[in-house]
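Please read the structure below before turning to the comments.
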Amino acid sequence: MTLKGKTAVVTGSNSGIGLGVARELARAGADVVLNSFTDRDEDHALAAEIGREFGVTARYIKADMSSAEECRALVTQAGQCDILVNNAGIQHVAPVDEFPIDKWNAIIAINLSSAFHTSAAALPMMRKAGWGRIVNIASAHGLTASPYKSAYIAAKHGVVGLSKTIALETAEEPITCNAICPGYVLTPLVEAQIPDQMKVHNMDRDTVIREVMLTRQPSKQFATVEQLGGTTVFLCSEAAAQITGTTISVDGGWTAL
Ligand code: NAD
């Protein structure tokens, strides 16, 4: 499988799943554009390292996914966008009646609206190139719910709905749009949730991991960023050309329960 000649833009890719996905796309031969809202030397160094390791062109472009203009500018600045992976995401845990309004707005903007804006900017490029893949990193929480995560779950269900709509709008074109729904993957986002969950459930770290976080993941194992990258590469393959408007769960059996 080679993605040589394709350019992939991965939002929120200076850590965690986005970085893992960018690395697997580069391993498959794609040129990659990494992104986050920071503009540090280490962000650019990360891209340079991927470029060297896989022999592809790898760039880092700063853009804040909470801004409609910056979402669209990211794709424009990339110059080419054959593969768009909407991955940027944040989390906040609180009951609905205590959920801070600014957190709700930020989660909806970064986790949901950014995928609308980047897709709107990328689709004309994909049409011009005669090929395109949009892969949205949703969540098992795009298909099911849990308490205290109202904004995240609303956003992720929204991403699944947006993916279906884009798939229908592009159904007769060589463009697909799907959502990957990971269960728990041990990344900085999940690491940051552990103290909140410990507080909400009044449990120690190990107990919260086993009994709260992985309680709905029957495999009792975190998924890996490499597995998510591999699933993304599969969705970009010829074998997946007729897979569109659907979700692929990488959740150790969570949604089978
Ligand atoms: P992470 O915190 O490691 O990565 C999030 C990425 O988004 C980082 O690169 C961060 O810099 C970036 N980001 C945050 N705010 C941004 C902004 N305003 N503009 C641009 N970039 C921004 O978290 P992760 O676990 O790798 O999560 C990545 C995606 O996977 C998220 O959408 C998350 O909801 C989803 N997801 C994660 C898990 C999990 O268990 N880790 C499970 C299901 C879904």
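When a ligand or atom number is given, it counts from 1 through the structure's own listing order. Position 1 is the first residue of the sequence; numbering continues from there.
In terms of protein heavy-atom proximity, atom 37 (C) of ligand 1 is nearest to I17 CD1, 3.4 Å. What sits closest to atom 16 (C) of ligand 1 on the protein, heavy atoms only, is F37 CD2, 3.3 Å. Nearest protein neighbour of atom 25 (O) of ligand 1, counting heavy atoms only, is T187 OG1, 2.3 Å. Of the protein's heavy atoms, S36 OG, 2.6 Å lies nearest to atom 11 (O) of ligand 1. Among protein heavy atoms, atom 33 (C) of ligand 1 sits closest to Y152 OH, 3.5 Å. Atom 32 (O) of ligand 1 has its closest protein heavy atom at N87 O, 2.7 Å. The single protein non-hydrogen atom nearest to atom 1 (P) of ligand 1 is S15 OG, 3.6 Å, given as residue, atom name and distance. Nearest to atom 5 (C) of ligand 1 among the protein's heavy atoms is G89 O, 3.7 Å.
The closest approach between F222 and ligand 1 stays at or above 4.0 Å for every heavy atom of the residue. For A138, the heavy-atom gap to ligand 1 drops under 4.0 angstrom. Using 4.0 Å as the threshold, A223 has no heavy atom nearer than that to any atom of ligand 1. The closest approach between any non-hydrogen atom of G20 and ligand 1 is not below 4.0 Å. Residue E70 places no heavy atom under 4.0 Å from ligand 1. Heavy-atom separations between N111 and ligand 1 are all 4.0 Å or longer.
Between the side chain of D196 and the main chain of Q193, no donor-acceptor pair closer than 3.5 Å is present. Of the possible donor and acceptor atoms, none in the side chain of E226 sits under 3.5 Å from a partner among the backbone N and O of G230. Listed for the N136 side chain is no donor-acceptor partner under 3.5 Å among the backbone atoms of A138. Proximity of a side-chain donor or acceptor of N178 to a complementary backbone N or O of G245 within less than 3.5 Å is detected. Between the side chain of Q77 and the main chain of I61, no donor-acceptor pair closer than 3.5 Å is present. The closest donor-acceptor contact from the side chain of N35 to the backbone of S13 lies at 3.5 Å or more, if one exists at all. The closest donor-acceptor contact from the side chain of R133 to the backbone of L235 lies under 3.5 Å.
Residues in residues 163-173 take part in these salt bridge (Lys or Arg N to Asp or Glu O under 4.0 Å) pairs, two or more places apart or across chains: R127-E173.
Residue-to-ligand polar distances place G12 within reach of ligand 1: an N/O pair is separated by less than 3.5 Å. Backbone and side-chain nitrogen or oxygen atoms of G18 are examined, and none is located within less than 3.5 angstrom of a nitrogen or oxygen of ligand 1. Here's the thing with I90: none of its N/O atoms is less than 3.5 angstrom from an N/O atom of ligand 1.
Every atom of ligand 1 is numbered from 1 in the order shown, and the set under 4.0 Å from a heavy atom of N14 is 8 (C), 9 (O), 10 (C), 11 (O). Near Y184, the atoms of ligand 1 lying under 4.0 angstrom from a non-hydrogen atom of the residue are 40 (O). For ligand 1, the atoms sitting less than 4.0 Å from at least one non-hydrogen atom of P188 are 3 (O), numbered in the order shown with element in parentheses. Proximity to I110 (heavy-atom distance under 4.0 Å) selects the following atoms of ligand 1: 18 (N). For ligand 1 and S13, the ligand atoms under 4.0 Å from any heavy atom of the residue are 9 (O). Each of the atoms 17 (C), 18 (N), 19 (N) of ligand 1 lies under 4.0 Å from some heavy atom of D64. Below 4.0 Å from some heavy atom of A63 lie the following atoms of ligand 1, by number and element: 19 (N), 20 (C). Atoms of ligand 1 found under 4.0 Å from any heavy atom of V190, numbered from 1 in the order shown, are 39 (C), 40 (O), 41 (N).
Taking 4.5 Å as the limit, some side-chain heavy atom of V10 sits within range of a side-chain heavy atom of L25.
Comment: E191 engages R205 in a salt bridge, judged by a side-chain N to carboxylate O separation of less than 4.0 angstrom. Here R52 does not pair with E49 in a salt bridge; the nearest charged N to carboxylate O distance is not below 4.0 Å.
When the shell of 6.0 Å around CZ of F99 is examined, it contains more than 12 heavy atoms from other residues, nucleotides or ligands. For NZ of K199, the number of neighbouring non-hydrogen atoms (other residues, nucleotides, ligands) closer than 6.0 Å is 12 at most.
Closest approach of V75 and M125 over heavy atoms only: O-CE, 3.3 Å. The shortest non-hydrogen separation linking M126 to D82 is CE-O, 3.6 Å.
For K156, every heavy-atom contact with ligand 1 shorter than 4.0 Å involves the side chain, none the backbone.
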